[in-house]
Amino acid sequence: MSDVAAKVKAIIVDKLGVDESEVTTEASFTNDLGADSLDTVELIMEFEKEFDLAIPDDEAEKISTVGEAIAHIESAL
Amino acid sequence: MELKRVVITGVGTVNPLGNSVEEYWKNLKNGVSGAGPITRFDASLHTTKFACEIKDFDPLKYMEKKEIRKYDLYTQYAFASSEQAVADSGIDLEKVDGDRVGVIWGAGIGGLQTFHEEVRAYKEERPRFSPFFIPKMIANIAGGLVSMKYGFRGPNYTTVSACASASHAMIDALNTIRMGKADMILTGGSEAGVNACGIAGFNSMRAISTRNDDPKTASRPFDKDRDGFVMGEGSAAFIFEEYEHAVARGAKIYAEIAGGGMSADAYHMTAPDPEGKGAYLVMKWALEDAGLKPEDVDYINVHGTSTPLGDIAEPKAILKTFGEHAYKLSISSTKSMTGHLLGAAGAIEGLASVLAMRDSIVPPTINHFTPDPEIDEKLDFTFNKAKEREINVAISNTFGFGGHNATVVFKKL
């Protein structure tokens with residue numbers, strides 16, 4: 001697992017209170033990990049803080065799975 | 001329209017004297033102080049370094065790990081006391097008609113710690129707040145979240161009147177059921193003010209005690225050397241239920257809520273009217289609302305915060321309301337033990353009044369050392385030691401900054 005993937009998963013485990021084993025690459029924040037709209041916004045903000053980057057709203061809307069988040073962050077870094 | 005009668009069928013609490021109703025009551029009767037050095041945050045640079053904190057609170061007993069992170073402490077306390085009250089009432093959540101059950105809660109401030117943390121994290125160059133900042137902080141969220149947990153879809157709102165908040169909530173709960181708008185209301189209040197903002201804010205007002213060398217005797221209502229209140233925290237919850245509804249399901253009944261009064265001092269932002277005019281009116285109107293005479297009252301759980309001005313005005317109002325009968329009353333300020341729970345004060349003190357009635361024991365006003373010549377010493381403040389006494393009617397006074405006064409009348413069924 002890449003460094004980015006490990007950090008992303010750790011944030012998800014912490015913020016959504018889910019088990020690490022549930023946080024697969026394909027897992028959807030809302031459908032699989034129980035996130036609501038507020039949780040999703042919070043996750044994006046945590047990613048921005050952790051990786052010191054800005055994710056504009058229109059791009060954030062396209063991130064709905066763990067894998068999409070990792071891919072977006074890796075390409076932005 | 002004939003008003004319906006309302007009774008209490010469930011109670012719950014977490015507060016500085018205990019995390020259950022019976023632990024709280026045992027410590028109240030025994031005159032135990034809940035005060036100690038602040039452990040919640042580093043208070044070493046604060047003027048006041050002690051408070052009445054809740055001990056060994058385990059939120060996981062009442063909510064999921066995921067919820068804990070999203071709920072301010074004041075909401076967590078609400079969940080704890082509500083869960084106890086719902087369980088104590090014996091209502092079957094599967095069978096109860098959730099449309100006929102409401103939640104009317106009281107909170108003086110709400111998520112003060114959340115507000116502090118989020119504002120501290122604010123950056124001017126890129127201003128963004130957590131999406132949970134607002135919903136976690138607002139004073140009404142505890143009552144909203146509790147309704148979601150149980151599916152209670154009846155009337156739901158939160159009263160905000162500083163230290164009178166929970167009493168206002170209880171009076172509104174009473175009136176809602178009286179008028180037939182609900183069968184049951186989960187009511188009470190919660191507050192979590194032991195944090196840097198709460199301590200420093202009240203310190204600046206010179207409202208809280210600075211007796212750092214002896215926290216346990218710092219809350220000394222009606223004592224000559226009192227120097228302010230002691231910050232407390234926690235919650236108490238009640239199930240208020242329409243009498244016939246309670247009887248029909250064979251519920252255990254603690255007491256009747258016979259009436260309530262509400263008034264204002266219309267005097268000053270934080271200081272009480274020195275003659276206690278608003279306090280007199282609120283007790284008078286509460287008794288009228290309950291259809292009782294002053295002579296019917298046995299016990300007053302007073303506001304008595306241990307502040308220099310408040311503790312003089314309230315006895316004056318009692319003398320004016322009750323006349324000669326004032327000297328036959330048992331009076332106590334349980335804040336001498338619990339500290340001041342701000343918006344939740346009316347809830348834990350209402351609970352103290354109900355338990356006093358149940359067991360015929362008046363809890364004491366502890367920490368009395370020196371009489372204050374400005375306070376009529378013929379009044380019986382139940383200083384230092386609990387007293388056995390049959391109580392048929394008890395009233396609970398609460399007064400809030402802003403001059404808000406609320407009095408609740410409890411009656412033995």
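So you know, we letter chains A, B, ... as the sequences are listed, proteins then strands, and number each from 1. Keep in mind that this is a model prediction, so the values were computed, not measured.
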Between B:R128, B:E67, B:E64, which residue shows the highest count of heavy-atom pairs closer than 4.5 Å to chain A?
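Among B:R128, B:E67, B:E64, the one with the most close pairs to chain A is B:R128.
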
Heavy-atom proximity to chain B below 4.5 Å, by part of A:E46:
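The answer is neither part of A:E46.
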
At a heavy-atom separation under 4.5 Å, does B:F133 approach chain A through its side chain, its backbone, both, or neither?
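Contact with chain A involves no heavy atom of B:F133 at all.
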
Backbone N/O of A:T65 and side chain of A:E68: donor-acceptor pair under 3.5 Å
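The answer is yes, because a donor-acceptor pair under 3.5 Å joins these two groups.
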
Look at the side chain of A:D36 and the backbone N and O of A:D39, then say whether any donor-acceptor pair between them is shorter than 3.5 Å.
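Answer holds: yes.
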
Where do B:I141 and B:P135 come nearest, in terms of heavy atoms and distance?
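The answer is CG1-O, 3.0 Å.
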
Quick check for you: to the nearest 0.5 Å, what is the distance between A:L43 atom CG and A:L38 atom CG?
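Interatomic distance, A:L43 CG to A:L38 CG, rounded to 0.5 Å: 11.0 Å.
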
